[in-house]
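Right, one structure below, let's go through it.
Atoms within a ligand are numbered from 1 in the order they appear, just like the ligands themselves.
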Amino acid sequence: MSDGATLPVAEVFGPTVQGEGPAAGTLATFIRLSGCNLSCGWCDTPYTWDATRYDLRATTRHVTPRDLAEQALAVTPGGIVVVTGGEPLLQQDRPPWAELLRELAAARPVHIETNGTLVPNSVTLAAASCIVVSPKLPNAGGHRGHQDPAMPPAWREIITDTVHLKVVCHGADDVRQAVTLAESLGCPPARVWVMPEGRDQTTLASRWPVIADAAARHGINATHRLHVLAWGDARGH
Ligand SMILES: Nc1nc2[nH]cc(C(=O)O)c2c(=O)[nH]1
Ligand code: SF4
Ligand SMILES: [Mg+2]
């Protein structure tokens, strides 16, 4: 079933901890929506969007917002609810998105993870207590067709204190690019995070010292990927 009343869901999981970014370590439930408007080479959730590698009809459930909120709130006794993807803001102009956020925000702090290509609308801004934007640097590779990883200039107007940048980096030069991007958006250094790219402990361990050191020198924050340390790239955490 795919109609105007449901959201495309890849997975709902918890209890876990938010592994990355400003809320790293916080008890969390995840709602991962399907569909993305980018195609990053190192994407760790291609089952949400890549029809050349996955049968998306099999990986996606179409769930009403009420059932989705009920499932998410049932799996974890407290903490935050993280709405991620894929690119969750692809859904934000649809009625079931507004209903989902209303139900979640009435019960828990709602954190949204987005790739920055879509500017949050008023419904999203009102419901989210934290928006983590992960704009893609060239290290994500080329994207398919006309996909454009740039953040629209309208972001400048909504870089309020709920908005944080979390930029995936391979090395010190990427950290420098993240700083330049944050400056161009007017995002204060206290809300800028850089994170090593990697889906296994060996890769993360080799990148983390370089990225943490560069972040400290530039006066911004760095985050590891705690869920990968704990659970590897197993789904459901
Ligand atoms: N524990 C945990 N934290 C996360 N933070 C961002 C995640 C993501 O895949 O978007 C993620 C995830 O998949 N698991
Ligand atoms: S924006 Fe995120 S979900 Fe989409 S392809 Fe890139 S890493 Fe994957
Ligand atoms: Mg993940």
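The part of F13 lying near ligand 1 is the side chain, judged by heavy-atom distances below 4.0 Å. Of the heavy atoms in L226, none comes closer than 4.0 Å to ligand 1. Heavy atoms of H237 found under 4.0 angstrom from ligand 1 belong exclusively to the backbone.
The closest non-hydrogen atom to atom 10 (O) of ligand 1, taken over V17, T84, V82, comes from T84. Among M195, R32, H227, the residue whose heavy atom lies closest to atom 8 (C) of ligand 1 is R32.
Under a 4.0 angstrom heavy-atom cut-off, T45 registers as being in contact with ligand 2. Residue R225 places no heavy atom under 4.0 Å from ligand 1.
Q177 pairs in a side chain to side chain contact (heavy atoms under 4.5 Å, CB included) with only one of the listed residues (T180, D174, V179, L181), which is D174.
Here R225 does not pair with D233 in a salt bridge; the nearest charged N to carboxylate O distance is not below 4.0 Å.
Annotation: atom 3 (S) of ligand 2 to nearest protein heavy atom, G86 N, 3.5 Å.
Under a 3.5 Å cut-off, the side chain of S34 and the backbone N or O of T60 do not form any donor-acceptor pair.
Heavy-atom contacts of E20 reach the following atoms of ligand 1: 5 (N), 6 (C) (cutoff under 4.0 Å). Taking every heavy atom of G19 and a limit of under 4.0 angstrom, the matching atoms of ligand 1 come to 1 (N), 2 (C), 3 (N), 4 (C). Atoms of ligand 1 lying under 4.0 Å from at least one heavy atom of T16, given by number and element, are 1 (N).
In the hydrophobic clustering, M195 connects to W42, V168, either directly or through intervening members, whenever side-chain heavy atoms lie under 4.5 Å apart.
Screening residues 192-211 for ring pair (Phe, Tyr, Trp, His ring centres under 6.0 Å) gives W208-H224 as the qualifying pairs, with residues at least two apart or on separate chains.
Between G85 and R32 the shortest heavy-atom distance is O-NH1, 2.8 Å. Of all heavy-atom pairs spanning E87 and N115, the tightest one is OE1-N, 2.6 Å. In plain terms, the two heavy atoms of P188 and V192 that are nearest each other are O-CG2, 3.4 Å. The minimum heavy-atom distance linking A178 with V194 is given by the pair CB-CG1, 3.7 Å.
Atom 6 (Fe) of ligand 2 has C40 SG as its protein N, O or S neighbours under 2.8 Å.
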Apply side chain to side chain donor-acceptor pair (under 3.5 Å) to residues R144 and Q147 and explain how you reach the verdict.
CA-CA 6 Å; R144 292 179 184 167; Q147 292 178 334; over 6 Å; no
Please tabulate, for side-chain N and O atoms in residues 65-80, each donor-acceptor pair with protein atoms closer than 3.5 Å (sequence neighbours left out).
{"unit_1": "D67", "atom_1": "OD2", "unit_2": "T64", "atom_2": "OG1", "d": "3.4"}
{"unit_1": "Q71", "atom_1": "OE1", "unit_2": "R61", "atom_2": "NH1", "d": "3.4"}
{"unit_1": "Q71", "atom_1": "OE1", "unit_2": "R61", "atom_2": "NH2", "d": "3.2"}
{"unit_1": "T76", "atom_1": "OG1", "unit_2": "T29", "atom_2": "OG1", "d": "2.7"}

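Not a single N or O atom of E113, backbone or side chain, sits closer than 3.5 Å to an N or O atom of ligand 1.
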